[in-house]
Number of protein chains: 2
Amino acid sequence: MVVTLKEVAERAGVSRSAVSRTFTDGASVSDKMRRKVEKAAQELGYSPNALASSLTTGRTKLIGLVSNNFHNPIFLEVFDQFTRGLQDRGLRPLLVNLTDEVDPANSVRMLRQYSVDGVVVASSTLPPGFSKAFRDAGVPVVHSFGRSSSSPQVHVVGIDNVECGRMAARELVARRYSKVAFLGGPEAATSTQDRHSGFMSELAKHPQIEVACSFADAYSFDAGRREMLRLLNCKPAEAYFCGDDVLSIGALSAILDSGLDVPGDIGIIGLNDMEMARWENINLTTIHQPIRQIVSSSIELMVATLNEPDRYPEARIFPCSVIERGTLRPAP
Amino acid sequence: MVVTLKEVAERAGVSRSAVSRTFTDGASVSDKMRRKVEKAAQELGYSPNALASSLTTGRTKLIGLVSNNFHNPIFLEVFDQFTRGLQDRGLRPLLVNLTDEVDPANSVRMLRQYSVDGVVVASSTLPPGFSKAFRDAGVPVVHSFGRSSSSPQVHVVGIDNVECGRMAARELVARRYSKVAFLGGPEAATSTQDRHSGFMSELAKHPQIEVACSFADAYSFDAGRREMLRLLNCKPAEAYFCGDDVLSIGALSAILDSGLDVPGDIGIIGLNDMEMARWENINLTTIHQPIRQIVSSSIELMVATLNEPDRYPEARIFPCSVIERGTLRPAP
DNA sequence: ATTCAAATTGCAACCGGTTGCAAAAATTTG
DNA sequence: CAAATTTTTGCAACCGGTTGCAATTTGAAT
């Protein structure tokens, strides 16, 4: 059924090496030979087996695309960008779903079995141990949306979550809220921790402002709604910095259902600027995370690392900015 | 860096075949041998190269997961289900993004290069030519969310879109709407066509009801909103059947922005029952499409077809049902 | 026309595994 | 205990390609 190099060689009346060479660029083949081979290949419908060639070249062009985040719509955009960007460079994403996976060793084994050329970890919640494990296995790694660091252990591309926390805090301060709170995602996620610490550190400069915080158990609508409903039962703050847009939207839904007004009674600022945030029936004020830039930079960094495996680890941090919409009251 | 079978054989003092056999189940190995080999493998951190073995076995355990739908949040759930389901069966999804791709031949070539064992097409908008092209290339194919048919050319798993159209129509009829319309997705998609024809055929039984229809150019929020804004400028219908939830939400946003009330002034019924549809600030009445069942059935069918490549093509159709929420007025 | 360097080609070994076959070892049977 | 079976093991060829090396061809220079 499937045509092999040998058959093409026979039909063209040349050696197998000749056929191989016409299909690997940079190899030495005369024009005459190339034409002969291409004709035969055409007639037979031949296309080289990438996996077989990987045996000798050591390159599969397979990239593990690892994530544990299949419930935040923003990741659909992330996957879209990654798959297209990788395809455009002749690389193939092998999708790995790490939801519920706790042992990096399993993932390492799996990715080794398929001898991926590199691994992109696309997650802000996967413990750093996973990236490290891939690196230790000798596989080039880029952690997208990972924790920014001044001494990164692996390549990291993303945002400065601490700074985002500060930015959100400054925004609330500027609008003269006197009682604010952080509604974070899973407490174990580095992104949550960093956003939290930035938020707190900025507010520490304003001791007259009352601060509270709590955590939803996932970056999801339901978790955000549930947590906000709980908060509304006690004494809610005047404004919340939610650790993620999807949390914000859940919180928003809880507030509106309680008959309160946004931003009249309670203000909300999110983070990510997902597509939905600008939908007119949501209209969320949020901090924009430059997804496309992060993804395309991650891909560039991966490609560079494939060509230079011992490349020194670096962190690439992209700036975020506040997108003002309708869920915070205006500054005076 | 990477440990091979030969090294394990040497360390264990046995032949390469012995090592190979301990790692392929069903092969003949004594307990003593197995222990010796496993010890050596353990010490060296060996795990077999799936790609190399695929050369002789003809099986890569790679499944092409092909889609062109990276803008409808429902597909994030679809990808989640597929990746987990495939992983659980020891299969690996190779993600292929066919956005903007028009020539099936390219995709076929690509999937052949990586010798995937099978292809799952997950899309309701990809032209049937793609599935056919994969089949003609001799690759087992399952088209999930494809067009249901009484004489399927390839395996199809999904819903009966014509029946869904009828169901939506019956729902509107029961609620005594006298002027209704279909707001479909891309006109070229078979899913749009079928939903449309079902809708029209049912309404043909009620000649006193006025019917209109129009099409958005994508299954997306923006397209739905844009089209509904246009419709509001003319003389809108009393109730709309939108070809998809995300379209419905876009339409909803346009209606609310125009100061009209839902369901007071205009009713909406969607299709899919995506997670967001039940969010309290959306609360969309819609037709539930059983995603999980479709995905898991697709995977089962794929696995079965891998074991029996000449399996006769079949269509697996799952029933849908109306989920009543808040965007249609109650029946009298 | 010769000489010499450069470009092209084929041979054969190799990548990391699997597997049919026959030899060797273990087990059962008489 | 020997013979007959069954199980286990290793050899060697093969899967579909790539690549170093030497032989051959081509082309330029003399």
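Lettering follows sequence order; numbering is per chain, from 1.
Listed for the B/S191 side chain is a donor-acceptor partner under 3.5 Å among the backbone atoms of B/S124. Checking side-chain atoms of A/T24 against main-chain N and O of A/S20 turns up a donor-acceptor pair under 3.5 Å. Between the B/S67 side chain and the B/A122 main chain, a donor and an acceptor come within less than 3.5 Å of each other. Between the side chain of A/E308 and the backbone N or O of A/T305, no donor-acceptor pair lies under 3.5 Å. In this structure, B/R59 contributes its side chain and B/L306 its backbone to a donor-acceptor pair below 3.5 Å.
Side-chain contact, B/N97 with A/D80: a donor N or O sits under 3.5 Å from an acceptor N or O.
Under 4.0 Å is where a charged nitrogen must lie from a carboxylate oxygen, and between A/E43 and A/K39 at least one such pair does.
In this structure, the NZ atom of A/K32 is 7 Å from the P atom of C/dT9, given to the nearest Å. Computed from coordinates, the B/R59 CZ to C/dT19 C1' distance equals 17 Å when rounded to whole Å. For A/L55 and C/dC15, the CG to P distance is 10 Å, given to the nearest whole Å. Taking atom NZ of residue A/K6 and atom P of nucleotide C/dG10, one finds them 16 Å apart after rounding to whole Å. Atom P of nucleotide D/dT26 and atom CG of A/D31 are separated by 14 Å, given to the nearest angstrom. Look at CZ on A/R35: it is 11 Å from P on C/dT9, rounded to the nearest Å. A straight line from CZ of B/F23 to P of C/dT18 spans 10 Å, rounded to a whole angstrom. A/L5 has its CG atom 7 Å from the P atom of D/dT18, to the nearest Å.
Checking the phosphate oxygens (OP1, OP2) of C/dT18, a side-chain nitrogen or oxygen of B/S20 falls inside 4.0 Å. When the side-chain nitrogen and oxygen atoms of A/S28 are compared with OP1 and OP2 of C/dT8, one or more of them lie within a distance under 4.0 Å. Checking the phosphate oxygens (OP1, OP2) of C/dG17, a side-chain nitrogen or oxygen of B/Y46 falls inside 4.0 Å.
Comparing A/S47 and B/S30 by the nucleotide of DNA chain D whose heavy atom lies nearest to each, the residue mapping closer to the 5' end is B/S30.
Residue pairs meeting the ring-ring contact (aromatic ring centres under 6.0 Å, His included) criterion with at least one member in residues 1-29 of chain B, sequence neighbours excluded, are B/F23-B/Y46.
When distances run from any side-chain atom of B/T4 to the nucleotides C/dG17, D/dG17, C/dA7, the shortest one goes to C/dG17. Closest to the side chain of A/S53, from the set D/dG17, C/dT9, C/dT18, is D/dG17.
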Under 3.5 Å, which N/O atoms of the protein pair with N/O atoms of nucleotides 10-14 of chain D?
residue, atom, partner, partner atom, Å
D/dG10, OP2, B/S15, N, 3.2
D/dG10, OP2, B/S15, OG, 2.9
D/dG10, N7, B/R21, NH2, 2.7
D/dG10, O6, B/R21, NH2, 2.9
D/dC11, N4, B/S17, OG, 3.0

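Heavy atoms of A/V29 sit under 4.0 angstrom from primed sugar atoms or phosphate atoms, though from no base atom. Within 4.0 Å (heavy atoms only), A/S54 reaches no atom of the nucleic acid at all.
Two rings, from B/F75 and B/F82, have their centers 6.0 Å or more apart.
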> For DNA chain C, what dot-bracket results from Watson-Crick or G-U pairs at under 3.5 Å, with [ ] for crossers and | for inter-strand partners?
Replying inline: ||||||||||||||||||||||||||||||

>> Under the criterion side-chain contact (heavy atoms from CB on, under 4.5 Å), I'd like the reasoning laid out for B/V303 against B/N307: C-alpha separation, chi angles, the key distance, then a yes or no.
In response: CA-CA 7 Å; B/V303 170; B/N307 296 324; 4.1 Å; yes

